[in-house]
Amino acid sequence: MKLFYLIGDSIDQSLSPYIHSWIYKFLDIDADYNNKKISVKNFDKDKIQLFSNLINESIHGLNITNPYKERIISNDIRISEDANKICAVNCLYKDKNNLIGENTDWIGFIQSIANNKIDLTKYNIKVIGAGGAAKAIIYGLQKLDVKKIEIYNRTKKKLLINNQEYYTYDIDEFGKKMNDNVFVINCIESNKIQNILNDDLLKSVLYFYDLNYHRNNFHNLLEEKDIKVILGLDMLIYQAIKSVEIWLKFDFANKIDIKEIKNYLKNKSLC
């Protein structure tokens, strides 16, 4: 049996094990995927053990989620070209005698946008957050040839993504630069964004793309204001499919209808 894990700090409600379970059953692969919660305090020590388990193949692949997508990077792993340009890793595996760090988040984002048939070049994009997930989103936006990107974060910082510099705005400045045709991409916890987006600010927002994939009352309030809400479930599924393709070394995405996965999750009352 092949063993795979998701490592992170707050992952108790993650849907990833259910998504991967469906994929392995669909592919008739003898594999198991579980959450492995690692505290921030113990991460550096536990990371060494995880690397060792990958090398000796007692485990066969890892997904990495916040807050470790940047912190996982070290001299012990080789970073793919995409992950290097993003400066964040969410997929780790062994190839021959090397540990390889990949990023499948940006692929999941692009495919989710295509699935919703949206041309993002028509909108003014406002990204909220500047962590590993946000970096992958911005890289995906670059790949889609999106030029109008503003980034808001709780602390001001400079990001270098694919050799392009971005300077973030303080998140409290969000409403000071409002314009028409706004497409918001939220990369932080939903409960931390609700106090920022008041009625006046929302007048210019057409889309709210939330990487959080559990629906809450805030999403309902947005839809009452005729704002199209897109949750991160499509992105989560697509990045999971790409991770499995990398781990198993064969392509199968064109054989899967993600509606079947979403129905499976819905029938289990998970989303």
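All values below were derived from every heavy atom in this structure, side-chain atoms included, with hydrogens, water molecules and symmetry-related copies excluded.
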Check your understanding: Do S80 and D82 have side-chain atoms, one donor and one acceptor, less than 3.5 Å apart?
Key -> no

Exercise for review: Give a yes or no on whether the backbone of Q164 and the side-chain of N162 come within a donor-acceptor separation of less than 3.5 Å.
Suggested key: no

Point to revise | N97 atom CG: more than 12 heavy-atom contacts under 6.0 Å | key: no

**Study point:** Ring-ring centroid check Y209 F109, cutoff 6.0 Å
**Key:** yes

Check your understanding: Does any N or O in the side chain of E245 come within less than 3.5 Å of the main-chain N or O of A253, such that one atom is a donor and the other an acceptor?
Key -> yes

**Study point:** Side chain to side chain, L6 and K36, heavy atoms closer than 4.5 Å
**Key:** no

Review point. So, for A136 and I86, which heavy atoms are closest and what is the spacing to 0.1 Å?
Key: N-CG2, 3.6 Å

**Study point:** Neighbour count >12 (heavy atoms, 6.0 Å) for atom OH, Y18
**Key:** no

Exercise for review: Report yes or no: does N216 contribute a side-chain atom to a donor-acceptor pair with the main-chain N or O of H219 at less than 3.5 Å?
Suggested key: yes

Study note, to complete from the structure: Taking every heavy atom of N56 against every heavy atom of N53, the minimum-distance pair comes out as OD1-O, 2.9 Å

Exercise for review: Check each of L141, I110, D145 against L120 using the side chain to side chain contact (heavy atoms under 4.5 Å, CB included) test, and report the only one that passes.
Suggested key: L141

Review point. Yes or no on side-chain hydrogen bond (donor to acceptor under 3.5 Å, both in side chains) for E224 and N220, after CA distance, side-chain angles and deciding distance?
Key: CA-CA 6 Å; E224 289 176 3; N220 297 332; over 6 Å; no

**Study point:** CA sep, side-chain torsions, deciding dist, call: D12, N35, side chain to side chain contact (heavy atoms under 4.5 Å, CB included)
**Key:** CA-CA 8 Å; D12 293 340; N35 292 338; 5.8 Å; no

Exercise for review: Indicate the ring-plane relationship of Y207 and F183, choosing parallel, tilted or perpendicular according to the 30° and 60° boundaries.
Suggested key: parallel

Exercise for review: Decide yes or no for E150 and Y169: does some side-chain heavy atom of the first lie under 4.5 Å from some side-chain heavy atom of the second?
Suggested key: yes

Review point. Taking C-beta and beyond as the side chain, do V40 and R71 meet within less than 4.5 Å on heavy atoms?
Key: yes

Exercise for review: Just do the side chain to side chain contact (heavy atoms under 4.5 Å, CB included) check on L27 and L248 with the steps written out, would you?
Suggested key: CA-CA 11 Å; L27 296 173; L248 300 182; 4.1 Å; yes

Practice item. Carefully, step by step, assess Y123 and V146 under the rule side chain to side chain contact (heavy atoms under 4.5 Å, CB included). Key: CA-CA 9 Å; Y123 301 94; V146 175; over 6 Å; no

Point to revise | Steps toward salt bridge (charged side-chain N to carboxylate O under 4.0 Å, His left out) verdict (E102, K242) | key: CA-CA 10 Å; E102 264 287 2; K242 187 61 182 178; over 6 Å; no

**Study point:** Nearest non-hydrogen partners of A134 and G129, listed with the distance
**Key:** CB-O, 3.3 Å

**Study point:** Where Y264 and S21 come nearest, the two heavy atoms and their spacing
**Key:** OH-OG, 4.4 Å

Practice item. May I ask you to test the I72-I7 pair for a side-chain heavy-atom distance under 4.5 Å? Key: yes

Practice item. Go through the side-chain N and O atoms of N115 and Q111 and say whether any donor and acceptor fall under 3.5 Å apart. Key: no

Point to revise | Non-hydrogen side-chain atoms of C187 and I137 separated by less than 4.5 Å | key: yes

Check your understanding: Where does the angle between the aromatic ring planes of F252 and F250 fall among parallel (under 30°), tilted (30 to 60°) and perpendicular (over 60°)?
Key -> tilted

Exercise for review: Work out which heavy atom in K94 is nearest to a heavy atom in K96; give both atom names and the distance.
Suggested key: CE-O, 2.6 Å

**Study point:** Contact summary for I64 and C91, nearest pair of heavy atoms
**Key:** CD1-N, 3.9 Å

Review point. Considering residues, nucleotides and ligands other than K249, do more than 12 of their heavy atoms fall under 6.0 Å from its NZ?
Key: yes

Check your understanding: Taking C-beta and beyond as the side chain, do K148 and I125 meet within less than 4.5 Å on heavy atoms?
Key -> no

Practice item. Apply the side chain to side chain contact (heavy atoms under 4.5 Å, CB included) test between H214 and each candidate in L270, L15, L233; give the one that qualifies. Key: L15

Check your understanding: Taking the six-membered ring for Trp, are the ring centroids of F208 and F218 within less than 6.0 Å of each other?
Key -> yes

Practice item. Flag the pair I29 / V244 as yes when at least one side-chain heavy-atom distance between them is below 4.5 Å, and no otherwise. Key: no

Study note, to complete from the structure: Taken to the nearest 0.5 Å, the spacing of I100 CD1 from R78 CZ works out to 6.0 Å

Check your understanding: When rounded to the nearest 0.5 angstrom, what is the spacing between NZ in K2 and CD in E57?
Key -> 7.5 Å

Review point. About how many Å separate CG of L236 and OG1 of T104, when rounded to the nearest 0.5 Å?
Key: 9.5 Å

Review point. So how far is it from I77 CD1 to N98 CG, rounded to the nearest 0.5 Å?
Key: 11.0 Å

Check your understanding: In terms of the angle between their ring planes, are W106 and Y139 parallel, tilted or perpendicular, with boundaries placed at 30° and 60°?
Key -> perpendicular

Check your understanding: Would you say K157 has more than 12 foreign heavy atoms packed within less than 6.0 Å of its NZ?
Key -> yes

Check your understanding: Ignoring hydrogens and geometry, is there a side-chain-to-backbone donor-acceptor pair from H60 to L3 under 3.5 Å?
Key -> yes

Review point. Per the side-chain hydrogen bond (donor to acceptor under 3.5 Å, both in side chains) rule, which among N103, D105, N90 passes with K69?
Key: D105

Exercise for review: List the steps, then state whether side chain to side chain contact (heavy atoms under 4.5 Å, CB included) holds for I38 with L50.
Suggested key: CA-CA 11 Å; I38 297 177; L50 289 168; 3.5 Å; yes

Point to revise | Distance, nearest 0.5 Å, that separates OG of S112 from CD1 of I237 | key: 10.5 Å

Point to revise | Flag side-chain contact, heavy atom, 4.5 Å: F51 against L92 | key: yes

